[in-house]
Amino acid sequence: MARAWVCVGGAVFFLSCLVLHWRFSDPLVSRTIAFYVPWRKEDSLFRLDLGWPKYSEYFTGSTFSVAVDSLNGLVYVAQRGDNIPKVLVFTEDGYFLRSWNYTVDTPHGIFVSGTPYEQSVWITDVGSGAYGHTVKKYNSLGDLVQILGTPGKKGTGLNPLQFDNPAELYVDDTGEIYIVDGDGGLNNRLVKLSQDFMILWLRGESGAGPAQFNIPHSVTLDTVGRVWVADRGNKRLQVFDKDTGEWLGAWDSCFMEEGPSAVRFTPDGKYLIVAQLNLSRLSVLTAPPSGGIGDCSVISSIQLADQVLPHLVEVDKKTGAVYVAEIGAKQVQKYVPWHSPTPAIGA
């Protein structure tokens, strides 16, 4: 028997707590859902959707990443393990649809891009097998469409382009691709590719200075043309111009305890959602306006249970729901905006 506390309150004064129990032997209810939100109601931006997914027994490995197809209401989960499906597909309501495993070795990041007529599922693969050290494009049914990198061979080359433990990617609405390459591998760099996979610009090398990286782990874009990178080992977010790759600055004062492992923006562009892996914490930061990036400011936090380990996150561009891939708890959890019609905790 295990126990988790769901508390609504501040860091010192707690208004209420709900104690939840489960048995680890029962896969239907073996979910870790402990968290807190700040006591001020106006700061409580998100709440846990206890009904997602409908059944958690489909999580059979370590859940490393999650992606959302907002146009079609689908959620893709990438997990690791032996003799298990590596990609799971759910509806946004939590119903399991299908799984696939074709040419996926050791997934790290996953991203969905596309139009109402065609969806692409991108996976960064850090495995050492025949399909590792690549960035791969699939259709929604798991058919392999494109491979970037040299399958099964790590490297630093640019022609042909090679990767070593590519961590994550982001595809913008124009089809241009941003890849952070270097989850502990040879490379510590941010690469921008055109729609036809030509290198537009490249930034980064190992180090702690401006435009240098120590495990660039997550990448995203804001609404005013800036690229944000979770520079995990250097405990900061670095910011670049989308068009030129020019370094615009960094945020580090919010990450004194641990660096960010994931970064995404809310659909309105007002907030950043940041995960810190070993702290098992999600933070909501105020996004800067166009122009200078200013200083970082945390306005809300969700403290998960110990060893939940939130690795990568995704935000639904239509509903604003936040999905969190937790490698410690081996699950994905969904948080919805506070005023979402989804039933609240305890309802």
Side-chain angles (χ1 to χ4, degrees), residues 4-18 20 32-50 52 66 68 217-218 220 222-223 228 230 232 235-237 239 250-289 293-306 308-326 329 332-347:
W5 289 265
V6 177
C7 302
V8 178
V12 179
F13 303 102
F14 289 94
L15 300 182
S16 62
C17 292
L18 172 65
L20 305 173
T32 305
I33 57 176
F35 70 100
Y36 80 86
V37 292
W39 72 271
R40 290 183 301 167
K41 184 175 180 181
E42 61 268 28
D43 282 348
S44 301
L45 300 179
F46 297 94
R47 53 185 173 79
L48 182 64
D49 180 354
L50 287 173
W52 201 99
V66 58
V68 178
H217 198 262
S218 181
T220 193
D222 64 17
T223 58
W228 294 72
R232 181 176 162 190
K235 297 183 179 180
R236 62 186 179 181
L237 290 171
V239 190
W251 281 358
D252 56 11
S253 61
C254 293
F255 310 109
M256 303 301 291
E257 295 177 88
E258 185 192 7
S261 63
V263 59
R264 285 292 187 267
F265 280 85
T266 54
D268 57 13
K270 293 181 178 180
Y271 305 106
L272 295 86
I273 309 298
V274 175
Q276 290 169 285
L277 179 73
N278 294 306
L279 291 177
S280 291
R281 180 182 299 163
L282 303 175
S283 296
V284 182
L285 283 62
T286 301
I293 64 170
D295 298 320
C296 63
S297 174
V298 177
I299 63 167
S300 182
S301 295
I302 298 174
Q303 183 62 55
L304 305 172
D306 290 343
V308 166
L309 307 181
H311 185 246
L312 289 170
V313 305
E314 188 57 282
V315 177
D316 189 322
K317 294 180 180 179
K318 182 180 295 184
T319 68
V322 178
Y323 295 84
V324 185
E326 302 168 349
V332 170
Q333 294 201 106
K334 177 182 180 182
Y335 293 85
V336 296
W338 187 261
H339 296 293
S340 167
T342 302
I345 294 172

Might you point out which heavy atoms bring [X] and [Y] nearest each other, and give the distance in Å?
X: P260; Y: A230; result: O-CB, 3.5 Å
X: G294; Y: W251; result: O-NE1, 3.0 Å
X: S253; Y: M256; result: O-CG, 3.6 Å
X: S297; Y: C254; result: N-SG, 3.8 Å
X: E258; Y: Q276; result: O-NE2, 2.7 Å
X: Y323; Y: V68; result: CD1-CG2, 3.6 Å

Main-chain N/O of [Y] paired to [X] side chain as donor or acceptor, under 3.5 Å:
X: Q303; Y: L279; result: yes
X: S261; Y: A275; result: yes
X: S280; Y: L304; result: no

Considering only heavy atoms from C-beta outward, does the side chain of [X] approach that of [Y] to under 4.5 Å?
X: N278; Y: L309; answer: yes
X: R232; Y: L277; answer: yes
X: L312; Y: H217; answer: yes
X: W52; Y: V336; answer: no
X: I273; Y: V284; answer: yes
X: V324; Y: Y335; answer: yes
X: T266; Y: F46; answer: yes

Determine the sole option in D252, L285, T286 for which the side-chain contact (heavy atoms from CB on, under 4.5 Å) test with C296 is passed. L285
Nearest 0.5 angstrom please: L45 CG to K270 NZ, how far?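 NZ of K270 is found 10.5 Å from CG of L45.
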Between CG on residue L48 and CD1 on residue I302, distance to nearest 0.5 Å: 8.5 Å
For A325, give me all partners under side chain to side chain contact (heavy atoms under 4.5 Å, CB included), at least two apart in sequence or on another chain. V66, V332
Hey, are E257 and R281 close enough for a salt bridge, meaning a charged N less than 4.0 Å from a carboxylate O? yes
